[in-house]
Amino acid sequence: MNPTNENIVWHDYLVTRQFREKVNGHKGAVLWFTGLSGSGKSTLAGATEQALAAAGVKTYLLDGDNVRHGLCHDLGFSDGDRQENIRRIGEVAKLMVDAGLIVATAFISPYREDREKVRNLFEVDQFFELYVATSVEVCEQRDPKGLYKQAREGKIKQFTGIDSPYQEPLQPELRIDGQQTISDSVAQIIALLANKGVINV
């Protein structure tokens, strides 16, 4: 259902994203962490936000589990629900970028098409796809939530990497080795943002 009609119009206001970015001292952007469950997305997103916040950067972290407690609590894990989950997150991230924030998102977001739709919401150098490349074997060994074990036992259906596909990014802004140290990964991300002129470090 699309609620848009001739009675709904976009309103522009005097306080612009550019003004907010000037006040913040950096540009707004999305760090879209993607990878299998247990790849290290959430840990890395949290460590990156902590490093940026310590440097005075205005940030916010959207975590997959946290969002499903509120904004997306009505969604399951069917293909359609996964797509709607990512669509909602993309729109929220867009609002946060308009607020001049650097927003980190930690979602499996298994389908390339859905990630590309989110990318298309943003201008050049506002969206950074960060692929945390950790093999399913390593993720299954870690299995911090015991989800792979439950999926193998048939207790969880449509689990990404087991009986539901994960489509690796073809051209991510950064491919991160999921087995390297957190500090090395964070340093790579900070360097990327600096090289793209998002932050000054």
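Sequence positions, counted from 1, serve as the residue numbers for this chain.
Within 6.0 Å of atom CD in Q167, more than 12 heavy atoms from other residues, nucleotides or ligands are found, so the atom counts as buried in its surroundings. Annotation for N200: atom CG does not count as buried by contact number, only 12 or fewer foreign heavy atoms lying within 6.0 Å. At most 12 non-hydrogen atoms from other residues, nucleotides or ligands lie less than 6.0 angstrom from CD of Q50.
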>> Go through it in stages, so that I can follow the logic: the residues are T48 and L61, the test is side-chain contact (heavy atoms from CB on, under 4.5 Å), and I'd like the CA-CA distance, side-chain angles, deciding distance and then a yes or no.
In response: CA-CA 10 Å; T48 301; L61 172 58; over 6 Å; no
> Under the side-chain contact (heavy atoms from CB on, under 4.5 Å) criterion, do I86 and V118 qualify, and how do the steps go?
Replying inline: CA-CA 8 Å; I86 297 307; V118 175; 3.6 Å; yes
>> One pair to check against side-chain contact (heavy atoms from CB on, under 4.5 Å): L62 and F33. What are the steps and the verdict?
In response: CA-CA 10 Å; L62 292 169; F33 291 88; over 6 Å; no
> Where do R87 and K117 land on the side-chain contact (heavy atoms from CB on, under 4.5 Å) test, with the steps shown first?
Replying inline: CA-CA 8 Å; R87 187 196 69 79; K117 286 179 180 177; over 6 Å; no
>> Assess the residue pair E137 and R142 against the criterion (salt bridge (Lys or Arg N to Asp or Glu O under 4.0 Å)); give the C-alpha distance rounded to whole Å, side-chain angles, the decisive distance to 0.1 Å, and a yes or no.
In response: CA-CA 9 Å; E137 291 79 15; R142 293 175 178 173; over 6 Å; no
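For residues 104-113, the pairs satisfying side-chain hydrogen bond (donor to acceptor under 3.5 Å, both in side chains) are W32-S109, T34-S109, D79-Y111, with sequence neighbours left out.
Contact of the R115 side chain with the E129 side chain is registered, since non-hydrogen atoms from C-beta on lie closer than 4.5 Å. I199 is listed as a side-chain neighbour of I102, based on a closest heavy-atom distance under 4.5 Å. At a threshold of 4.5 Å between non-hydrogen side-chain atoms, the residues L130 and L192 count as touching. Contact check for R17 versus Q126: side-chain heavy atoms found under the 4.5 Å cut-off. Side chains of L31 and V103 form no contact here, defined as non-hydrogen atoms less than 4.5 Å apart. Using a 4.5 Å heavy-atom cutoff, the side chains of R20 and T16 are not in contact. Side chains of F128 and K196 form a contact here, defined as non-hydrogen atoms less than 4.5 Å apart. The closest side-chain heavy-atom distance from T59 to L101 is not below 4.5 Å.
Using a 4.0 Å cut-off between a side-chain N of Lys or Arg and a carboxylate O of Asp or Glu, K41 and D63 do not qualify as a salt bridge. K27 and E123 are not joined by a salt bridge, as no carboxylate oxygen comes within less than 4.0 angstrom of a charged side-chain nitrogen. Ion pairing between R88 and E91 fails under the 4.0 Å rule for side-chain N and carboxylate O.
When every heavy atom of L121 is checked against every heavy atom of K94, the shortest pair comes out as O-CE, 3.9 Å. Across all their heavy atoms, V186 and A51 have their closest contact at CG1-CB, 3.8 Å. Closest of all the heavy-atom pairs between C139 and G38 is SG-C, 3.7 Å.
Remark: L52 CG to I189 CD1 distance equals 8.5 Å, nearest 0.5 Å. A distance of 9.0 Å separates CG of N85 from CZ of R82, quoted to the nearest 0.5 Å. Atom OG of S39 is separated from atom CG of L44 by 9.0 Å, given to the nearest 0.5 angstrom. How far CD of Q179 is from OG of S135: 6.0 Å, rounded to the nearest 0.5 Å. Put simply, CG on L193 and CG on L174 are 9.5 Å apart, with the number rounded to the nearest 0.5 Å.
Between the side chain of N120 and the backbone N or O of E116 there is at least one donor-acceptor pair closer than 3.5 Å. The backbone N or O of K58 lies less than 3.5 Å from a partner atom in the side chain of H26, making a donor-acceptor pair. Checked by atom type and distance alone, the side chain of N24 never pairs as donor or acceptor with a backbone atom of V57 at under 3.5 Å. The closest donor-acceptor contact from the side chain of D184 to the backbone of Q180 lies at 3.5 Å or more, if one exists at all.
Using a 4.5 Å cut-off between side-chain heavy atoms of Ile, Leu, Val, Met, Phe, Trp and Tyr, with links allowed through other members, L95 and Y60 fall into different hydrophobic clusters. Under the 4.5 Å side-chain heavy-atom criterion for Ile, Leu, Val, Met, Phe, Trp and Tyr, I182 and V138 are members of distinct hydrophobic clusters.
Hydrophobic side-chain contacts under 4.5 Å tie Y131 into a cluster, directly or through other members, with L36, I108, V136, L147, Y148, I156, F159, I162, Y166.
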